Amino acid sequence: MNDTDCVEVLLDVPLQGTFTYRLATPLPVGTRVRVNFGGRELCGVIANGMNGPAPGVKLKPVAEAYTALPPLPGSLLRMAAFAARYYHHPAGAALFTALPTLLRQPRDVAPPDRRPWRLTEAGRLAPPPPRQRARLALWQALAGSPQEDDALRAVSPQAARVLAEWAGQGLAERFDAPREVKAADGLPELTGEQAAAVDAVAASLGRYQAWLLQGVTGSGKTEVYLRLIARVLAEGRQALVVVPEISLTPQLIERFARRFAGARIACLHSHLADGERLEAWVDAWQGRADIVIGTRLSVFTPLPRLALIVVDEEHDASLKQHDGLRYHARDLAVWRAHDAGVPVLLGSATPSLESVANADAGRYRRLALTRRAHAAARLPAVRLIDTRRAELTDGLSAPVVDALSGALARRELSLVYINRRGYAPVLACPQCGWTSGCPHCSARQVVHLQARVLRCHHCGDTEPLPRACPDCGNADIRPLGEGTQRLESALGALLPKARILRIDRDTTARKDAWDAVYRRVSAGEVDILVGTQMLAKGHDFGALSLVVALGCDGGLYSADFRAGERLFSTLMQVAGRAGRAGVAGEVLVQTQWPDHPLYQALARHDFDGYAETLLAERREAGFPPSAHQALVRADAPDGAAAAAFLQGLLALVADDPAVRVFGPAPALMARLAGRERAQLVIECTERARLHAWLSAAEPVLARLGREAGRALRWSIDVDPLEL
DNA sequence: AGCACGCCGACT
DNA sequence: GTCGGCGTGCTC
């Protein structure tokens, strides 16, 4: 068989490599096709390159080529190929995770064409006769100016049919309307630091450069993004903005829409219907959208005129995908910027240590916003309340209650942050020591008093609240510790006049819940917000005078080496909520360890100093970012099987003295949803050798995985965020 | 991941 | 006697 008769096809299967099919007439790389694979019809994508068929395999033909849309662009295929290599994930599966659902299916699809209509030269010269009144009305409307479908339908219900006819006769056509991005007026004046940041990044437009924009809360990072995007749009280019899930709020989108009236902004997030997502994606791909703003998945969106990538809150863990292709959107954004030859701007008040290290090493260039954009706004004063010396009522110390009651008297909004939802983190029997462990996970079931249930926050298992200890029958069982619900009711009892609004995953589950929250807060109907880190991120509640943080000490001495970094980052952000827009703010942190360097650094608002401390610790311990890590995970109903699987892998992968391997050991969450989890931690200071080890492990994993059977699942996680 | 093929229990 | 349970094996 001639080589030209074969193509390599990428398929959405968890198998390494491409598959070879016969093809009568050549198709461009990136074409979506339908093929038969193992007895089922699959969507495939024509790949670059030729592996040739495995010997002795009879090739099947490509059944059909989908042509409603152009072939996928090379830039997307390159990025997916890179992601597959870097994250050690099958190439086909990697590409398909980058596609909208509708393009993964073995069907030819295209979003509806919504471009406006206009008359062609010929159409202009051929007005319909006056007695064809509907046609004449349509013609007259179009002769005046181009028209959208909606407007034409209003002129005549026949519009769709008539226009299709005219299009066929070359009398009318759809066209890409030039967009006029109106310069918004009344722009806030930039601080010197903001202006310097804008100028620096603007000077790098047109080539690759990674920028780390470190700006304290309220310093106006978003304004820097907006100014740069304005420049990009003025050049007729496109910008990509990647934000964490929780930051993609209607507030943010509205701010962009207000600033760039007339521009087409494509929003990509998980709540979009398949058709909407496809349409936004194709609009970006075809250059009809000027700005793409979305969660981690949007990093893959094809953009033919891309000129700038922004990753906001670049430290946020939700930028990392936790299953399938375990990519980090920030890192892929940097790769993409390099590939496309454009600058990438990573913004955060509390950058990840990885990014700090990259800036220290000169790979990223630093920009700092150290002052708040409103001249009057000062950084809040941080006070540490030592709970070893304080009497606690439902977890609240007297200074905290006093401060809240003071703010209440002054009619100022306060925020109480506690990173635990539910009523109490555990139910316990003081007589026999029983605690409410989850039967499926190595975790505690949380007391939810309102729903009268115990619920595991890891697997979702829910059981009715027992009236007595299941072990000894003692009726005096008690909720231990505090969650948002308990705090809400405790505050209600201590400050009966206060209007309290609780915000956590339980209260904001409904779709329009946030609208109600904003309405109530801005109408001044709330005195105290109680909630989890949802309160810390993305949502602006205006002037807060007091922020209280409770129950944070767990992050100080955790088994997870990143816990301190995360806690510091969250506290910096939650503290940053205080004292905006001219109101002097105060932050109270209740802790048993007021002398801990983390809290001391927080009190000084000293991110840089604490980051250096943490980086030194990481260097000492050989942890990231001083070394690179990967995880090989295995889980099975039987823990011994998972460990044996990993042990078997170790026996078959050649040692590299530069690569340190730890394990098999139980994962931090050793048991999850009824499965025992074991893992290998692979560490190396040289990325290339880490990848070489993983590449050697891949085929062995595939084989051992097959032999171990269905009960065992395994995965590779490069640059894991959680161990 | 699917979906086939293939060997053991309760039904027309 | 079949319909169908889901155990393992392969897919260009």
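Here the structure is a predicted model, which is why all the values come from computation and not from measurement. In what follows, every chain begins at residue 1, and chains take the letters A, B, ... in the order their sequences are listed.
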If you restrict it to nitrogen or oxygen atoms, what contacts under 3.5 Å exist between nucleotides 3-7 of chain B and the protein, and what is each distance?
{"from": "dC3(B)", "atom 1": "N4", "to": "R710(A)", "atom 2": "NH2", "distance (Å)": "3.2"}

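In this structure, E41(A) places its CD atom 21 Å from P of dA1(B), rounding to the nearest Å. The interatomic distance linking L42(A) (CG) with dT11(C) (C1') rounds to 9 Å, in whole Å. Rounded to an integer number of Å, the gap from CZ of F37(A) to P of dC12(C) is 5 Å. Atom CG of L712(A) and atom P of dG7(C) are 16 Å apart (whole Å). Following rounding to the nearest Å, L11(A) (CG) and dA1(B) (C1') show an atom-to-atom distance of 12 Å. One can place CZ of R703(A) at 14 Å from P of dC10(C), the figure rounded to the nearest angstrom. Residue F19(A) contributes atom CZ, which lies 12 Å from atom C1' of dA1(B) at whole-angstrom precision. Taking atom CZ on R706(A) and atom P on dT11(C), their separation rounds to 10 Å, with Å as the unit.
The side-chain hydrogen bond (donor to acceptor under 3.5 Å, both in side chains) pairs that include a residue from residues 25-37 of chain A are R34(A)-E41(A), R34(A)-E64(A), N36(A)-E41(A), N36(A)-K60(A), where partners are two or more places apart or lie in different chains. Judged as a side-chain hydrogen bond (donor to acceptor under 3.5 Å, both in side chains), the pairs with a partner in residues 656-668 of chain A (not counting sequence neighbours) are, in order, D656(A)-R689(A), R660(A)-E683(A).
Considering only residues two or more places apart in sequence or on other chains, P470(A) meets the side-chain contact (heavy atoms from CB on, under 4.5 Å) condition with W434(A). Considering only residues two or more places apart in sequence or on other chains, T508(A) meets the side-chain contact (heavy atoms from CB on, under 4.5 Å) condition with I503(A), A513(A), W514(A), M534(A).
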Considering only distance and modelled atom types, tabulate donor-acceptor pairs under 3.5 Å from the side chains of residues 693-700 of chain A, sequence neighbours left out.
{"from": "S695(A)", "atom 1": "OG", "to": "H691(A)", "atom 2": "O", "distance (Å)": "2.9"}
{"from": "E698(A)", "atom 1": "OE1", "to": "H88(A)", "atom 2": "ND1", "distance (Å)": "2.9"}
{"from": "E698(A)", "atom 1": "OE2", "to": "Q16(A)", "atom 2": "NE2", "distance (Å)": "3.1"}

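No more than 12 heavy atoms of other residues, nucleotides or ligands lie within 6.0 Å of CG in N48(A), so this atom counts as exposed by the packing criterion.
No contact: D12(A) has no heavy atom under 4.0 Å from any strand.
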